[in-house]
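Quantities reported herein were computed from a predicted structural model and do not represent experimental measurements. Side chains are part of it too, since the values below use all heavy atoms of this structure and drop only hydrogens, waters and symmetry mates. A, B, ... follow the sequence lines: proteins, then strands. Residue 1 opens every chain.
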Amino acid sequence: MPRRRRQRRRLQGEVELNLAAMLDMAFQLLAFFILTFKPSPIEGQVNLRLPPPHPVTATAGEQAGSDTKNTNPLQGMSSLVISVTADAGGRINSLAIGETPVANMGLLATQVQQMFADPTLGFDQVIIQVGSRVRYEQLMQVIDICTQAKLPSGEFLSRLSFVELPM
Amino acid sequence: MSAILSSDARVEPNLTPILDMVFQLITFFMLVVSFKSAAIDQRLRLPVIGSARPVDTRGTDDLLVLNVDADGNLVIYGEVKRDIRRYIQQEAQASLLLAKQSRREAQAGDELPTTVVIRADCDTPFTLLNRVLVVCQENGYRKFALKATPKPTG
């Protein structure tokens, strides 16, 4: 008998939540998030260490011209110098590694990869001499080639410096 | 008679499932919202290159995002900074204070622990970009990330 009484009391005091108000608020929040949603663009990046530009350095213990038997102008250098100049529209019109002109980007990529893979040359960074008019998009193609070069240690090249040329 | 019928036939829809679904949608939007995107100037056209890798700072690095438009203007949170040198000096000081928290002996001129994220327009001439890079280097920044759009594969 007391059990029946308890059940009846429960049924009489049943609380019904008004969900409509909560749903209104939830829809308002949803509308806010949908209207302010801006998917961020897919972007990549090229990570670089940019020490301040400094003169092309000879490897430790060597002075320029001290080795009279050395006929390779690049031997004894730790920095590879690449020169990039542009036409009036900012497009690359000449490329060079050191003093040697390079015909196109494909050749530049091949030569840079060969030089960095050779442990006897000992290059560990690139100095890019860039004409002031070169557009960023064009420069990034050269940076792309450099950062794809692997050092003898197996790491990708990341040390670059930029020097501005007055043209 | 009709009043009795209408009160008997009153339909109360079950709002619980729709509320569940709306809360799930709200949760999704709250999780994907990114406040970092405010620092990005989406008007810039980034260069497209093959070796651009996805951003991975592993949450350890402090980032300084610099947007440089085709005219060489430095755009930060939508505002053009006229005095580039002063802005970068202020940021470098803040970064140095941050470095001192982890390394007490850190002083001006030391390498800063911040990575400078350069987002430059593909038409920006090098001379205008280099102005920003040189000021960053003078203030102790060494780690740089140049933003680009990855070349689509396949």
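Atom CD of residue Gln24(B) and atom CG of residue Leu30(A) lie 12.0 Å apart, to the nearest 0.5 angstrom. One distance of note links OH of Tyr136(A) with CG of Asp121(B); it measures 10.0 Å at 0.5 Å rounding. Going from atom CD1 of Ile118(B) over to atom CD of Gln45(A) covers 11.5 Å, rounded to the nearest 0.5 Å. Interatomic distance, CD of Glu43(A) versus NZ of Lys147(B), reported as 5.0 Å (0.5 Å rounding).
Hydrophobic clustering (ILVMFWY, side-chain heavy atoms < 4.5 Å, transitive): Ile97(A) and Ile143(A) are in one cluster. Put simply, Val134(B) and Val130(A) are part of two different groups of oily side chains (I, L, V, M, F, W, Y) that touch within less than 4.5 Å, one to the next. Following chains of ILVMFWY side-chain contacts shorter than 4.5 Å, one cannot reach Val80(B) starting from Ile76(B), and the two form parts of different hydrophobic clusters. Leu74(B) and Leu44(B) sit in two unconnected hydrophobic clusters of ILVMFWY residues. Membership requires side-chain heavy atoms under 4.5 Å apart, directly or through other members. Tracing side-chain contacts under 4.5 Å through hydrophobic residues (I, L, V, M, F, W, Y), one reaches Phe144(B) starting from Leu112(B); they form part of the same cluster.
Across Pro125(B) and Ser132(A), no two heavy atoms sit closer than the pair CB-O, 3.9 Å. Scanning all heavy atoms of the two residues, the minimum distance from Val22(B) to Ala26(A) falls at CG1-CB, 3.4 Å. Taking every heavy atom of both residues into account, Leu15(B) and Ala20(A) meet most closely at CD1-N, 3.7 Å. What you find for Gly44(A) and Pro150(B) is that their closest heavy atoms are N-CD, 3.6 Å. Counting all heavy atoms, side chain and backbone alike, Met140(A) lies closest to Pro47(B) at CG-CG, 3.7 Å.
Using a 4.5 Å cut-off on side-chain heavy atoms (C-beta onward), Leu146(B) and Leu48(A) make contact. Under the 4.5 Å side-chain criterion, counting only non-hydrogen atoms from C-beta, Phe33(A) is in contact with Ile26(B). At a threshold of 4.5 Å between non-hydrogen side-chain atoms, the residues Phe126(B) and Arg133(A) do not count as touching.
Residue contact with chain B, scored on non-hydrogen atoms closer than 4.5 Å, is absent for Ile145(A). For Glu111(B), the part lying under 4.5 angstrom from a heavy atom of chain A is the side chain only. Looking at Gln148(A), the atoms closer than 4.5 Å to chain B (heavy atoms on both sides) all sit in the side chain, from C-beta outward. In this structure, chain A has a heavy atom under 4.5 Å from the side chain of Arg119(B), while its backbone stays farther away. Within the 4.5 angstrom heavy-atom criterion, only side-chain atoms of Leu139(A), from C-beta onward, approach chain B. Looking at Leu129(B), the atoms closer than 4.5 Å to chain A (heavy atoms on both sides) all sit in the side chain, from C-beta outward. Both the backbone and the side chain of Ile18(B) come within less than 4.5 Å of a heavy atom in chain A. Contacts of Asp123(B) with chain A are made by both backbone and side-chain atoms, with heavy-atom separations under 4.5 Å. Phe27(A) touches chain B through backbone and side chain together, each having a heavy atom under 4.5 Å away.
When each of Leu160(A), Val46(A), Leu29(A), Leu19(A) is checked for heavy-atom pairs under 4.5 Å with chain B, Val46(A) comes out on top. When each of Ile49(B), Val117(B), Val116(B) is checked for heavy-atom pairs under 4.5 Å with chain A, Ile49(B) comes out on top. For the set Met22(A), Gln141(A), Glu164(A), the entry with the most heavy-atom pairs within less than 4.5 Å of chain B is Glu164(A).
Between Phe37(A) and Phe29(B), the distance from one ring center to the other falls under 6.0 angstrom.
Annotation for Leu46(B): hydrophobic cluster partners, listed by chain and number, are none (ILVMFWY side-chain heavy atoms under 4.5 Å, direct or chained).
Counting only distance, with no hydrogens or angles, the side chain of Gln137(B) and the backbone of Leu50(A) share a donor-acceptor pair below 3.5 Å.
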